Amino acid sequence: MNTKRFMAVIMVFLMLVVSSACSANGKPTTTESATKPTVQSTAAVSTTEAPDPFGKYEPPVEITAIFETSSVDDPETGFGPDNKWDDNVWTKACEEQLGIKIKYSWMVDSSQVNQKLSVSLASNDLPDIIPADVKLLDMLLEADAIADLADAYNQYASPFLKQVMTDNHSLELSAATMGNKIMGICPNPINMLNAPVLWVRKDWLNKLNLPEPRTMQDVLAISNAFANSDPDGNKVADTVGLGIQKQFFPQANFADTKGFFAGYHAYPYYWVKDDSTGKLVYGAVQPQVKDALAQLREMYKEGQIDKEFGVKNMSAVAEATASGKVGMQYGLSWNCMYPLNSSQQNDPNADWMAYPLPSIDNKPAKSMVEVGGRYLAVNKNCKHPEALIKIYNLFLEKIYGETAEPLVYSITPEGYMIYKLALVNISRFDDERLWFNSIHDAFTSNDKSKLIDDKARTTYDKIAAYKNGDTKGNWDYFRFYDYDTGSVGIVLKNYVDGDNLTYNQFYGANTPTMAEKWQTLVKMQDEVFTNIVIGAPMSDFDKFINDWKSIGGDAITKEVNDWYAAKQ
C-alpha cells in the first residue's frame with residue numbers, strides 16, 4: 001500500500017467528510033415547528049416516553065442535501081459497481097431503517113461549496129442539511145437561516161452519540177454552540193495528530209554522543225552540534241541544526257516554528273486565555289514571543305538555521321531534509337509519512353525520532369491545536385431537524401455499534417472508501433488509541449486476534465516486517481505506530497493523558513474589524529518576525545506590539561472577547 005493510500009486509510013475516521021446539505025422544498029414552517037421534533041416512531045409510544053433515536057418515519061420523509069466531491073474521487077465509478085453518489089448503501093440504510101429519503105439536489109466540488117451555498121442563501125433556496133465552514137456558518141446565523149438543534153439533540157441523540165459528542169471536553173458540542181443554542185454539529189473539532197512534535201535525527205545524536213532532547217536547553221545544544229560538528233561526516237560545513245521554512249503561519253505542517261515557540265509557552269497566531277483576567281489575548285503580542293524570537297535570532301546568527309530560510313517554502317526544506325542537510329525540525333506526528341520517509345529512503349541510516357515538545361523551564365510545553373473546521377447545520381425551515389441527529393445515530397451504529405459492518409459501510413475489501421458517501425461522518429475521540437493499543441496488545445501477546453480491524457492488521461504486519469529487518473517501505477509505519485517510540489504514542493501518552501494539549505480559544509468567523517484588518521496584521525507580523533530572526537533589532541518587537549494594537553488589534557481583541565463572552 002503506498003503512502004497516499006495509507007494516509008487515506010489511517011485518517012478514515014478522523015477525516016471530516018461533509019458530503020451533504022441543502023434546502024427544504026415546500027412552505028416554510030414557523031420557528032417553533034422547525035425546532036420541536038414531530039417524528040413518530042413505528043412503535044406506539046406514550047407522550048411521556050422518550051423518542052426512539054432509531055425510530056422509523058412512517059410515511060418516509062424527504063431530506064434535501066448536496067453531495068460534495070473532490071478531484072481524487074470519481075463519484076460515478078470510484079465507490080464500486082453498486083454505489084453511486086446519489087444511490088448507495090448509505091442512502092439505502094437511511095431510507096430502509098430510518099424512513100429518511102436523502103435527495104441530493106446537486107453535486108459540487110468541495111472547493112466550490114461556499115460559493116454555491118452563498119448563492120443559495122441569497123436566493124432563499126438552501127437545502128435541509130447545510131455543510132458550512134466558520135465563515136458560512138456565521139453568514140447563516142446572521143441571516144437567521146438555520147435551526148437551533150438543542151431540542152432535537154437532547155431528545156433524539158442516542159446514548160452512543162452523546163458519549164462521542166462529550167468525550168473530548170465536549171468540543172464537538174461547544175464548537176457550534178451559542179449560549180444554549182446548538183447551531184450545528186462539528187463532528188471532528190480537532191485532529192489530535194495535528195499536534196506539533198519535535199523530530200530529530202536519532203542517528204546523528206548517537207554519532208555525536210548527544211542526549212535526547214528533554215529541555216529547550218537540550219534543543220539548543222543539539223542544534224549547535226548538528227550545525228558545527230559535522231554529523232554527516234563529510235568534513236564540510238553543510239548541515240543546519242534546525243530546519244524552518246518561511247511560513248510562520250500555523251497552516252504549515254512541516255518545519256514551522258509553532259513547536260519551538262510552544263517551548264517558551266508562546267503561541268503566536270493563536271488566541272489564548274489570560275489567567276489573570278479570564279479574557280482572551282492574542283498570542284503574538286505576549287512577552288514570551290520576544291524570548292523565542294531572540295533565541296531564533298541567535299541561532300540564525302550562528303548558522304544553525306539556513307541563511308535563506310526566509311525565501312524557502314515547505315517543499316524546499318523537505319528537499320534539504322531528504323538530502324541529509326537538516327538534523328531537526330518541528331512538525332506533526334505523521335511527518336514520518338512525509339517528508340521524513342524520503343530522508344530515510346535516500347539514507348537508510350537516517351533514523352528520525354519524534355519527541356514531546358521540550359520546555360524552557362519546569363512547566364510542560366503544551367502542544368497547540370486548532371478547534372473547528374466543518375459543520376453541519378439544518379435549514380430553519382426544515383420540518384424534521386431531528387433527522388440529522390438520527391442519521392448521526394445510524395452512522396455510529398453502522399461503523400462502531402453492535403450491528404457494525406465496516407467492510408460494507410466504511411472501506412470494502414476491495415479498498416472502496418464507502419464512508420465518503422455518508423451524508424454525515426463522525427469519529428470517536430479515542431479511535432487512535434483503540435487502534436494503537438490493539439497493535440501493542442497483539443505484539444505483547446503474540447496474538448493477532450487482538451487486532452481490531454484491517455487497518456490495525458496492515459500496520460501490525462508493517463511494523464513486524466521492520467522489526468525483522470525489512471526496513472524498505474516499513475520504517476514510516478514503525479516510527480508512526482510503534483508503542484514505545486512512535487509519534488502516535490507521544491500524542492496519546494504525553495499530550496492527551498498528560499493534559500498537555502491546548503486549544504486555540506477563538507474559532508469563530510472573522511469579526512468585523514478582522515474582516516477589514518486581519519490580513520494586514522498577519523502580513524506585518526510575518527515580516528517583523530522574519531526580519532528579527534535575520535538580524536533586525538529586538539526593539540522592533542515592541543514597536544510591532546504598538547502598531548498591532550493601533551492598526552486594529554485592540555478593536556479585534558474587544559470583538560473576540562465579546563464573542564467569547566457570548567459562547568460562555
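Throughout, residue positions are numbered sequentially from 1 according to the sequence presented. Since we're looking at a predicted model, the values are computed, not measured.
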Between [X] and [Y] (side chain of the first, backbone of the second, donor and acceptor by atom type, cut-off under 3.5 Å), is there such a pair?
X	Y	answer
Tyr270	Glu370	no
Asn346	Ser342	yes
Asp482	Phe478	no
Thr557	Gly553	yes
Trp435	Ile452	no
Tyr477	Thr458	no
Ser229	Phe226	no
Asp138	Lys135	no
Thr511	Met514	yes

Whether [X] engages the ring of [Y] as a cation-pi pair (distance to the six-membered ring centre under 6.0 angstrom, angle to the ring normal within 45°) should be assessed.
X	Y	answer
Lys307	Tyr300	yes
Lys467	Phe443	yes
Lys549	Tyr282	no

What's the shortest heavy-atom distance between [X] and [Y], and which atoms?
X	Y	value
Pro187	Asn425	CB-O, 3.2 Å
Met368	Asn504	SD-N, 3.2 Å
Gln295	Tyr264	CG-OH, 3.2 Å
Asp476	Gly473	OD1-O, 3.4 Å
Glu432	Met192	CB-CE, 4.4 Å
Leu220	Gln304	O-OE1, 4.0 Å

Under the salt bridge (charged side-chain N to carboxylate O under 4.0 Å, His left out) test, which residues partner [X], sequence neighbours left out?
X	value
Asp238	Lys325
Asp461	Lys448
Asp547	Lys543

NZ/NE/NH1/NH2 to OD/OE distance under 4.0 Å, [X] and [Y]:
X	Y	answer
Arg428	Asp431	yes
Asp351	Arg479	yes
Asp203	Arg201	yes

How about [X] and [Y]: do any of their side-chain heavy atoms sit closer than 4.5 Å?
X	Y	answer
His265	Ser359	yes
Gln344	Leu340	no
Tyr419	Pro406	no
Glu68	Arg374	yes
Gln329	Phe254	yes
Trp85	Thr69	no
Val285	Val289	no
Ile439	Ile463	yes

(message) Applying side chain to side chain contact (heavy atoms under 4.5 Å, CB included) to Tyr503 and Val369, what does each step give before you reach the verdict?
(response) CA-CA 5 Å; Tyr503 308 99; Val369 289; 3.5 Å; yes
(request) In sequence, state the C-alpha distance, the side-chain angles, and the governing distance for Ser427 and Tyr400, and then conclude on side chain to side chain contact (heavy atoms under 4.5 Å, CB included). (result) CA-CA 9 Å; Ser427 63; Tyr400 302 109; 3.8 Å; yes
(request) Decide if atom NZ of Lys290 counts as having more than 12 heavy atoms of other residues, nucleotides or ligands within a radius under 6.0 Å. (result) yes
(message) Quick check on Glu212: does its CD atom have over 12 non-hydrogen neighbours (other residues, nucleotides or ligands) under 6.0 Å away?
(response) yes
(request) Please work out whether the ring planes of Phe506 and Trp271 are parallel, tilted or perpendicular, with thresholds of 30° and 60°. (result) perpendicular
(request) Determine the interplanar angle of the Tyr483 and His440 rings, folded into 0 to 90°, and report it as parallel if under 30°, tilted if 30 to 60°, perpendicular if over 60°. (result) parallel
(request) Apply side chain to side chain contact (heavy atoms under 4.5 Å, CB included) to the pair Tyr460 and Ser438, showing each step before the final yes or no. (result) CA-CA 9 Å; Tyr460 175 94; Ser438 81; over 6 Å; no
(message) Ignoring hydrogens and geometry beyond distance, is a side-chain donor-acceptor pair present between Gln288 and Gln286 at under 3.5 Å?
(response) no
(message) Under a plain distance cut-off of 3.5 Å, with no hydrogens placed, do Asn500 and Asn494 share a side-chain donor-acceptor pair?
(response) no
(message) Quick one, Leu205 with Val200, criterion side chain to side chain contact (heavy atoms under 4.5 Å, CB included). Give me CA distance, side-chain angles, the key distance, then yes/no.
(response) CA-CA 8 Å; Leu205 289 180; Val200 182; 3.9 Å; yes
(request) Could you point out which residue of Asp526, Thr530, Ile532 forms a side-chain contact (heavy atoms from CB on, under 4.5 Å) with Val528? (result) Ile532
